Each structure stands twice: as C-alpha cells, then as structure tokens.
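Count residues from 1 along the sequence. Quick caveat: nothing in here was measured; it's all calculated off a predicted structure.
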Amino acid sequence: MSGNKVIKTLFRIIGIVCCFEYISCISFSPAPSSKNWYQPQKITIQDVKYLAGKRVVLDPGHGNQTSGAVGLYGTKESDINLSVAKILKKQLEYHGAKVFMTRESDTTVLWSAKSTAREDLAYRCVYRDSLEPDLFVSLHHNGTENDSRDVNVPKIFYAQGDPDGSLDAAVIINAEFSSLLGLGQSTVHTGNYFVLRKTTVPSIIGEPSYLSHPEMEKILGDSAALALEAMAYFRGIVRWFSGGVPKIRSVKIDSSRKIISATIKSDIPLDSQTTGIYCNQKKLSGKITGSGFTAVLPWPLANGKYTITCFAGNRNGNLATRVHLSYEINRSPCTFIVHSGNFPVGSVVPVTVTVLDSIGFPVRDGTPVIHDTKDTVSVENGIALCYHRLSDVVEHFRLQCDSVVQDVDIMADTTRVHPFQGFIRSVDSGFRPRHCLIFCEGIPAITDNNGFFSFLTEDSTVEEVSIAVSAKGYVDTSLGIKRNKLNCITISPRSSGILFGKTIVIDPEFGGAENGGISKTGARACDITRKVSNYIVSTLEEYGAYVLFARDDDRTIHVTERVLRAQNAGADLYILIRADSTENSPYIACMPGSAKGKQLSDCVAGCWKNESSSSVAVQEKVMYVLQQTECPAVALSLSPLNDPESLKPQSWRCIARTAANGIIEYYKQQ
C-alpha cells in the first residue's frame, strides 16, 4: 500500500471517529490542494451538551429526479449532499439530538419518485413542519450558471421571512465555514427559495463550496473532505444552540381583558429590548412575565383585520423565529347615518348609508344591508350604496342591517329638472366597472363604485345626448342616452377581462448607483429599463391588470427588496426588464425547470415575432429574481443597450405591446 493510500485511509477513520466520540482535537487532511482548501487544522468542540433533545431536520438537496449541479468529472451534487448529511446526522445523534432526514437515498422519504420537482420541495416542507423542529438545514453545493470553473466560495442562505432565528443560525454556521474550509470569507444571504418560504422554524441553506470547480470536485471525492464539511455544520449548530434559542410556543388574544399573551420557552432569560409584540407593525406596551410576554391590546380597535407579530430574544442575543397571528374585529352594527341628494320625482336617488357599530366605528367590509326589504348591498369602506326611485314627493323606505332597522323618508325637489341617469355594466356579469369616466358634450362626469351616474346638461330641454364612456380595462364606448329613463349601458372588457384581478410586478433592472452599463451615446441601462417599464405598466393597466413597480424612480433597490415587494403584494407574475449590453440580440429568460416561466417566455416570444417579424431567443438562466420569486417570473431583454433602437419611444411601445400580448396569451392557455 502506497504512502498516499495509507494517509487517505487514516483520514477516513478519523472522520468516522468524529461522529461517535467527543473529541478535543482532530487533524483533517483531505486531498492536497494548491490553494490551501480543506487543509489540516485543530478542531475544538465545546458545549455539545446543548444538543440533547434538540430536534433537527436535515434536507439533503436534490435527489429524486434532480441531481443539482454536476461537476466536470460527473460528480452529482445530490450524492455529495446526501453523504455530508449522513455524516452530520451521526454526529448530532451521538450527542443527543433527534435528527430527521427528508431523504436517506436518491429518492425522497414520503413521496413517489415520480413527483415533480415542485411537488418534491413541497413535500419536504410539509414533512419539516409536521415535525416542529428547532432547526431546519438544507445541505447543498453550489455551481456556476455560466460554465465558469474558477468560482469557489462558501455561502449561507437564511429564510427571507425570518431575519431573526434563521439569520442567527446562518451567521454562526457561516463563521464555521470561513474558519474550517479555507475557501476565504463565507457570506450570508437572504433567500426566498422554496424550502425557505413561509417557514415557522429557523431555516437555512448551506453551500459550503462549488462543485463546478474542478479541483474542488476532486477534493469532495474524499470522505475526509465530506467529514470536514459536516464538522463545520456541526460546530455551527452546537454554537448556535449553546447560546440558547428561545421559541415562541403560542400567542393568545384575550379581547375581554384587552391583552395579548405570548408563551415563550427559553433556557436563557429573555431580553426586554428584543422581546415584544406588535400590532400592524406598531409596538405595544408590555412586559416580560414568568411564562413569556404580556402586552396591552390597544382598545377600542376599528373593525377589520390585524396582524399580531411576536418577537423574542434572550440575553445572549439569540432570537426566536417570529410568530404572526391574524386577528379580526367584527362588532355588530348599531346605527345608520343616511345621506341622499335632491332629485325630482321620477328619478333615482343614490342613498349613502354609513353603518356604525356601538363604539362609533364603521362595520367591517362585506356586511350586508337590506334596502326596502328586497335589495341587498354590501358595506365597503364603511359605506353601503343603495338606489331608490322617487315615485312621489315624499318617499319612504326601510334599511336593515343585522338586527338594526331604520325607516327613512326622503323628499323630492319639485324645482329640479330630471337628470340623465343610469348604470354602466360589463357585458360579462362577473365584472363590475368602477369609477368610469363619462364625457357628455365635453363635460366630464364620473360613476360611483357601482357604476351609477347622474348628471345634468347645460340645456335642460334636451331629451337625448351622446356620451363617451371610458373605464380602465374596458373598450371605449360611445352611444346615446335618454333623460327620462334609467339607462343601462354595457361596455366590453379588453381581451374578455383576462387580466382583471391579476397582480403583475414590473421590475426595471438596476437604478441609482447601479447604472447597469452605459451605451456609446451615454445612455444608462437603468434609464432605459425604467422608460420601457413605464410603457409596459401603462399598457397592462389598459387591460385591467393591477401593476406594481419594483422600482419607479432612480434609486438603488437591492434585489431581495424587489422580490419581497412582489411577495408581499401576492404577485401573479414577475417581469424583469433588462437592457443588456453584453447581449447582441434580444432574448427572454426563465428559470431552468420552471414550466410556467417557460410557457410565459414562449408566449412573449411568439408575440414578439408577430410584432416585429423577427425571432427572439428563449433562454434558461439562473438569475436571483427568477429563482427567488414565488410566482412565475421571466426576464425580458428585447432591446439591447448597444442597439440604437433601444433609445426610441417607438421601440418602447413595441416592447410594451409585446409584453402585454404575451401575458394575455399566457393566461389564455391556463
């Protein structure tokens, strides 16, 4: 046996010993590296007693149908992830932790090997949540997207929605990556990956090294190197638990006593500076108690929905994963405030009804109000709108909301001329045009929330006029209406209203200090993306979509904040607008493996060909915003920065039409 083989055998034995014995000093010596990666060093482990009874879920990334990154020599990331996880599991269990694995082979634990990649990830999250662990660790190895083979730095991602417990764990494990692996300073990043979304426990993703680096791939072929990575995780986990990890067990609201109580488990005394309860992002007055924290619920609260958020931190600085709780106030109606205008006999009177509870707050939205025992309308923003025809000089009708009943008298104004009145409706009864703009002989009028209008012309003898109706999301309509009737006008939604109710985020790339490149004429990419985005937003709004900017001015906004804005808005689609100086041709990019992203890209590409009579490439690219958004996302670079056409408004209009038509076609195919 050669000297090298003897050394490697010894290292394997040492790696196994790490898993089963409490050790004070170990020397690791994986495959030699010219860059001092994964080199021999002394490793001290302390405070392993804090692992006793802790519940840890280990998630070896990929497996099943996805191998993850693949090295130059064919090494699969899924295999390396699983090997490191198995070593780490033994280490943790030997010192008293209860460890659960989402997979222990090349397939997942609880679900079919035929599951899609998205289903696979969803099942891992369900499995994690069912176990209520103290920590979730997803083990990965990185790879470059552009076939670059010279990148090799450690990274840790923590759950974007938990900048408390998840971040604490990430920071400590990150320090161990930097200390033990010799790859340079490891970095911590917020992440909105599938397994990190909506987590209720501290959750991280570890990327100790890049499998795409050929030398690193060779090193990872040695079991001693895998044991060293497991040891980095192990030391970080021990250090994190040794600082004490508070856990919010429950949050209860007692409206009768007007308090909110949080039960918090913590081996270390809680810190009053980092423990508290918020109501709709406002900190409440409260105090640490023997079992947790008690806060004063502000009272009275208006009717509506509230988000209660509980934070907890101990005196060592460790934080719990915050807990969010929805709370709704829905007091019964008590009284009406009725207002109506002056109208002549024979006309329809719009009646505004404000419905208040016993404290004087408007009742919640959606509360039904019965008008004249037959018509039911709903409260919106504290107001219900109903319509009563004046058949006589004095008219009586009744309002009822829950058990509250009120008789109302309104009087006709015999001096007034009958106005032009009516309702604007959609040809599809499922839609309701709101705040339509009406032009009559150049004079504008506006409808209310229910599409009702009432107006007078300058010539009171005219019995019929022509009007033009304009409403967001609808085709402009012109027609004639009559004075002495209740006109019913139907308008048609654009593209059958296919974008109604859709929330679309448009993200003009770069901005502020990040100009994204400058063309030969001095044009900045960030300015072009903003100009193009303005046209796209305007076009989509014409079709009735609700559109949000990720950036609407010249500010530097980090990509994580852009993704967070989309998530908070409940976005249905995310469109990144690029002016890419490194590409000579237009392209549309989606995340590899994203079925809906690919479908949307193909739809936009087809519309681009129809619009410009030229083809556009559809590419799969690993880009942060495409990877991190929960909704389907694509990147459009339809007018490269080095193309003179990119500076022309007609080019921006063309891109806007292409994007809108592509999105419409995408929804037609759903």
Please step through salt bridge (Lys or Arg N to Asp or Glu O under 4.0 Å) for the pair Lys305 and Glu328, ending with a clear verdict. CA-CA 4 Å; Lys305 294 182 178 179; Glu328 185 171 1; 5.0 Å; no
Are Asp554 and Arg524 close enough, and set up right, to give a salt bridge (Lys or Arg N to Asp or Glu O under 4.0 Å), and what steps lead you there? CA-CA 11 Å; Asp554 193 28; Arg524 302 185 306 169; 3.0 Å; yes
Just do the side-chain contact (heavy atoms from CB on, under 4.5 Å) check on Ile491 and Phe431 with the steps written out, would you? CA-CA 10 Å; Ile491 57 178; Phe431 305 132; over 6 Å; no
List the steps and the verdict of salt bridge (Lys or Arg N to Asp or Glu O under 4.0 Å) for Arg398 and Asp407. CA-CA 4 Å; Arg398 173 168 291 186; Asp407 292 318; 2.8 Å; yes
Go through it in stages, so that I can follow the logic: the residues are Arg389 and Ser347, the test is side-chain contact (heavy atoms from CB on, under 4.5 Å), and I'd like the CA-CA distance, side-chain angles, deciding distance and then a yes or no. CA-CA 6 Å; Arg389 184 180 288 277; Ser347 60; over 6 Å; no
Could you go through Leu297 and Leu301, starting from their C-alpha distance and side-chain angles, then the distance that decides it, and tell me whether this counts as side-chain contact (heavy atoms from CB on, under 4.5 Å)? CA-CA 9 Å; Leu297 183 64; Leu301 286 171; 4.0 Å; yes
Before you tell me yes or no, could you show the steps for Tyr327 and Cys279 under side-chain contact (heavy atoms from CB on, under 4.5 Å), namely the whole-Å CA-CA distance, both residues' side-chain angles and the distance that decides it to 0.1 Å? CA-CA 10 Å; Tyr327 181 58; Cys279 178; over 6 Å; no
Take Asp459 and Thr457 through the side-chain hydrogen bond (donor to acceptor under 3.5 Å, both in side chains) test and state the conclusion after the steps. CA-CA 5 Å; Asp459 186 350; Thr457 57; over 6 Å; no
Gln670 and Gln599: CA distance, side-chain angles, deciding distance, side-chain hydrogen bond (donor to acceptor under 3.5 Å, both in side chains) verdict: CA-CA 10 Å; Gln670 299 307 301; Gln599 184 183 11; 3.2 Å; yes
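Each of Ile489, Leu437, Ile424 was checked for a side chain to side chain contact (heavy atoms under 4.5 Å, CB included) with Thr447, and the lone residue meeting it is Ile424.
Using a 4.5 Å cut-off on side-chain heavy atoms (C-beta onward), Trp652 and Ser639 make no contact. With a 4.5 Å cut-off on side-chain heavy atoms, Leu399 and Val353 count as touching. For the pair Ile655/Tyr535, no side-chain contact is recorded, criterion being any heavy-atom separation below 4.5 Å from C-beta on. Side-chain contact between Leu540 and Ile506 is present, with heavy atoms from C-beta onward closer than 4.5 Å. Put simply, the side chain of Val634 does not reach to within 4.5 Å of the side chain of Ser594, judged on heavy atoms. The side-chain heavy atoms of Asn661 and Tyr666, taken from C-beta on, include no pair separated by under 4.5 Å. Looking only at side-chain heavy atoms (C-beta outward), Met591 and Glu620 stay at 4.5 Å or farther from each other. Within the 4.5 Å cutoff, the side chain of Asp392 has no heavy atoms near those of the Val345 side chain.
Atom CD1 in Ile337 sits 9.5 Å away from atom CD in Gln406 (nearest 0.5 Å). Distance check: Asp643 CG to Lys648 NZ gives 8.5 Å after rounding to the nearest 0.5 Å. With values rounded to the nearest 0.5 angstrom, Ser601 atom OG is found 12.0 Å from Lys621 atom NZ. In this structure, SG in Cys607 is found 9.0 Å from CD1 in Ile588, a value given to the nearest 0.5 Å. Between Ile498 atom CD1 and Ile664 atom CD1 the span is 7.5 Å, to the nearest 0.5 Å. Between the CG atom of Leu486 and the CZ atom of Phe452 there is a distance of 7.0 Å, given to the nearest 0.5 Å.
A side-chain donor-acceptor contact under 3.5 Å links Thr529 to the backbone of Cys526. The closest donor-acceptor contact from the side chain of His388 to the backbone of Pro350 lies at 3.5 Å or more, if one exists at all. At distances below 3.5 Å, at least one donor-acceptor pair connects side-chain atoms of Thr477 with backbone N or O atoms of Val475. Listed for the Arg551 side chain is no donor-acceptor partner under 3.5 Å among the backbone atoms of Ile557. Formation of a donor-acceptor pair under 3.5 Å by the Thr367 side chain with backbone atoms of Arg364 is found in this model. Judged by distance alone, the side chain of Arg578 and the main-chain N or O of Leu638 form no donor-acceptor pair under 3.5 Å. Judged by distance alone, with hydrogens and angles left aside, the side-chain atoms of Arg562 form a donor-acceptor pair with the main-chain N or O of Pro508 at under 3.5 Å. Not one N or O on the side chain of Asp580 forms a donor-acceptor pair closer than 3.5 Å with the backbone of Leu641. A donor-acceptor pair under 3.5 Å is absent between the side-chain atoms of Asp402 and the main chain of Val404, judged by distance alone. Looking only at distances, no side-chain donor or acceptor of Ser470 sits under 3.5 Å from a matching main-chain atom of Asp476.
Electrostatic pairing of Asp572 and Lys502 does not count as a salt bridge here, judged by no charged N lying under 4.0 Å from a carboxylate O. The existence of a salt bridge linking Glu630 and Lys198 is confirmed by a sub-4.0 Å separation between a basic side-chain nitrogen and an acidic carboxylate oxygen. Using a cutoff of 4.0 Å between basic side-chain nitrogens and carboxylate oxygens, Glu611 and Arg657 are scored as salt-bridged. Using a cutoff of 4.0 Å between basic side-chain nitrogens and carboxylate oxygens, Asp602 and Lys598 are scored as salt-bridged. Salt bridge status for Glu380 with Arg432: present, with a side-chain N to carboxylate O gap under 4.0 Å.
In summary, the side chains of Asn192 and Gln567 do present a donor paired with an acceptor at a separation below 3.5 Å, with no hydrogens or angles considered. Between Asp428 and Ser426, the side chains place no donor N or O within less than 3.5 Å of an acceptor N or O (distance only, hydrogens not considered). With hydrogens and angles left out, the side-chain atoms of Asn484 and Glu463 include a donor and acceptor closer than 3.5 Å. Between the side chains of Asp413 and Thr415, at least one donor N or O lies within less than 3.5 Å of an accepting N or O. Side-chain contact annotation: Asn450 with Tyr387, donor-acceptor N/O pair under 3.5 Å present. Using a 3.5 Å distance cut-off with no hydrogens or angles, the side chains of His324 and Thr307 do not pair a donor with an acceptor. At a cut-off of 3.5 Å, with distance as the only test, a side-chain donor of Gln421 or Ser454 sits close to an acceptor on the other residue.
Scanning all heavy atoms of the two residues, the minimum distance from Ser340 to Val349 falls at CB-CG1, 3.6 Å. Residues Phe420 and Val462 share a closest heavy-atom pair of CZ-O, 3.6 Å. Closest approach of Phe361 to Arg331, counting heavy atoms only: CD1-NH2, 3.3 Å. Nearest approach of Ala569 to Thr503, heavy atoms of both residues: O-CG2, 3.9 Å. Counting all heavy atoms, side chain and backbone alike, Asn449 lies closest to Arg434 at O-CG, 3.4 Å. The two residues Cys436 and Val469 make their nearest non-hydrogen contact at CB-CG1, 4.3 Å.
Aromatic ring centroids of Phe500 and Tyr474 lie under 6.0 Å apart.
Heavy atoms from other residues, nucleotides or ligands lying under 6.0 Å from CZ of Phe423 number more than 12.
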